[in-house]
Amino acid sequence: MPARRVVQIGPDDQNSQKWRVPFTEDAFRSFIVHSGVAGRKVFGEGSLFSPLLFGKFFDPADAFPLWEFESDALLSGLGNASKSTIDWSATNADYLLKAELPVGARKCDVDVCNLKEMVVEISGRWRGRETDTKDWKNGRWWENGFARRLELPEDANWTKMEAYITDDIFLEMRIPKSSSDIDLQQMQAV
């Protein structure tokens with residue numbers, strides 16, 4: 001039976017300096033060249049935390065409206081769609097996300113937090129990495145951990161969001177839809 005543990009969802013840390021250094025395409029390419037195999041596994045094609053997840057460069061620290069897209073259509077832009085380690089969907093009641101954590105995530109603390117109510121941030125800092133700043137998210141954060149910010153759909157009930165890590169490998173999130181939206185869908189189905 002898979003080992004599953006609950007991830008506590010916390011509030012935003014209110015750090016106004018967080019993500020102030022943008023992860024540009026040039027910085028990404030330079031980082032990948034110098035980081036070797038480990039960097040490619042964390043930020044490589046198909047990872048939720050890759051700036052190239054969707055076939056075009058997108059800074060993981062910027063909020064992405066993931067649920068506005070069908071997973072098959074969005075991931076088809078990858079050179080090899082079988083490399084994808086992420087899946088998302090919506091049911092009548094929930095929004096679901098399943099993503100493989102970066103290699104080495106067992107050596108990091110994974111944080112999930114709400115930002116401005118309709119944005120969720122998933123991040124982790126490698127254990128044992130020391131930085132010059134007190135908060136690793138203030139500078140060249142990609143050298144010290146990983147991040148992805150996702151914009152939630154309007155009908156998502158972020159206050160009841162749940163997150164789990166299974167086998168220290170997979171992050172699973174369930175975000176219920178607002179009950180009034182579910183009730184309306186059920187009435188329309190009758």
Hey, does [Y] have a side-chain heavy atom less than 4.5 Å from the side chain of [X]?
{"X": "P51", "Y": "F58", "result": "no"}
{"X": "F146", "Y": "V110", "result": "yes"}
{"X": "I86", "Y": "L97", "result": "yes"}
{"X": "I122", "Y": "M173", "result": "yes"}
{"X": "I169", "Y": "E100", "result": "yes"}
{"X": "K177", "Y": "Y95", "result": "yes"}
{"X": "D168", "Y": "R5", "result": "yes"}

Under a 4.0 Å threshold between the charged nitrogen and the carboxylate oxygen, would R4 count as salt-bridged to D167? no
K98/D87 ion pair, N-O < 4.0 Å: no
Minimum heavy-atom distance [X]-[Y], with the two atoms named:
{"X": "D59", "Y": "R148", "result": "O-NH1, 4.3 Å"}
{"X": "S50", "Y": "P60", "result": "C-CG, 4.4 Å"}
{"X": "V119", "Y": "A63", "result": "CG1-CB, 4.0 Å"}
{"X": "W158", "Y": "M118", "result": "CD1-SD, 3.5 Å"}
{"X": "A163", "Y": "V112", "result": "CB-CG2, 4.4 Å"}

Taking the six-membered ring for Trp, are F28 and F23 parallel (under 30°), tilted (30 to 60°) or perpendicular (over 60°)? perpendicular
Measure the [atom1]-[atom2] distance between [X] and [Y] for me, rounded to the nearest 0.5 Å.
{"X": "L152", "Y": "N114", "atom1": "CG", "atom2": "CG", "value": "7.5 Å"}
{"X": "I165", "Y": "F170", "atom1": "CD1", "atom2": "CZ", "value": "12.0 Å"}
{"X": "Q8", "Y": "D111", "atom1": "CD", "atom2": "CG", "value": "11.0 Å"}

Is it true that a side-chain atom of R174 and a backbone atom of L96 form a donor plus acceptor pair closer than 3.5 Å? no
Please check: side-chain N/O of S30 versus main-chain N/O of D26, any donor-acceptor pairing under 3.5 Å? no
Starting from Y164, walk the hydrophobic network (Ile, Leu, Val, Met, Phe, Trp, Tyr; side-chain heavy atoms closer than 4.5 Å) and list everyone else you reach, by chain and number. V6
Does the side chain of N157 pick up a donor-acceptor pair with the side chain of T159 at under 3.5 Å? yes
In L150, L48, L66, the residue satisfying side-chain contact (heavy atoms from CB on, under 4.5 Å) with W88 is L66
